[in-house]
Each structure stands twice: as C-alpha cells, then as structure tokens.
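In what follows, a single structure is set out as structure tokens and then discussed.
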Amino acid sequence: SALISATTNELSFRQRQKLIQSALAHARQTDQKFGLSAPESIHAWSIVDELYEAIPEYSSAVEESVRKVFGEKQKSIWDL
C-alpha cells in the first residue's frame, strides 16, 4: 500500500488513469476466468481498491459517487 502510494504520486494524471484502467480490466478478466469469490479475483480487486485509495482524484470521485447514491451520512468507503 505504501509502495503503491509512493509510486502513484510520481506518475502524471494520464499515467495514473491508464494504471487504474489496466487494473480494472485485469480484475474483470480475473472475475471471468476464476469467478467472483476466487482468491485470484479478491486479490485483483484489492489492488484496484489500493490504487483508488492512493490516487486522490479517484478516491474523492469515488467518495462523492457513493455519497450521491447512499446519502451524506454514509461512512467513508475507505473505512469499511
């Protein structure tokens, strides 16, 4: 997690965007290949979660989307 944060801080916005897109595509492919609850799938999605948390422009966008759907009283999704 600390390594991901340090690495993503050094990347440009465009590079971070490509990294997230690549991680999402990999996680979706892993779901299709192994199934949603397979350890491989869980690991792939945990990497996506770490990237979203490490990249401020994405984590705030995700927070905002969750609050729109569930309301302002919703706890931070990163604290779940």
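Count residues from 1 along the sequence. The basis for the numbers below is simple: all heavy atoms, side chains too, and nothing from hydrogens, waters or symmetry mates.
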List the residues meeting side-chain hydrogen bond (donor to acceptor under 3.5 Å, both in side chains) with Gln17, not counting sequence neighbours, and say none if there are none.
Arg14
For the residue pair Ile20 and Val48, establish whether any side-chain heavy-atom pair is separated by less than 4.5 Å.
no
Determine whether Tyr52 and Ile47 satisfy the following criterion, side chain to side chain contact (heavy atoms under 4.5 Å, CB included), listing intermediate values before the conclusion.
CA-CA 9 Å; Tyr52 269 107; Ile47 292 170; over 6 Å; no
The test is side chain to side chain contact (heavy atoms under 4.5 Å, CB included); show your working for Trp45 and Arg28 and say whether it passes.
CA-CA 9 Å; Trp45 285 106; Arg28 288 183 194 121; 4.2 Å; yes
Which atom pairs, donor and acceptor, lie under 3.5 Å between side-chain atoms of residues 32-44 and protein residues at least two apart or in another chain?
residue: Ser41; atom: OG; partner: Asp31; partner atom: OD1; Å: 2.2
residue: Ser41; atom: OG; partner: Leu36; partner atom: O; Å: 3.4

Do His26 and Thr30 have side chains that get closer than 4.5 Å, going by heavy atoms?
yes
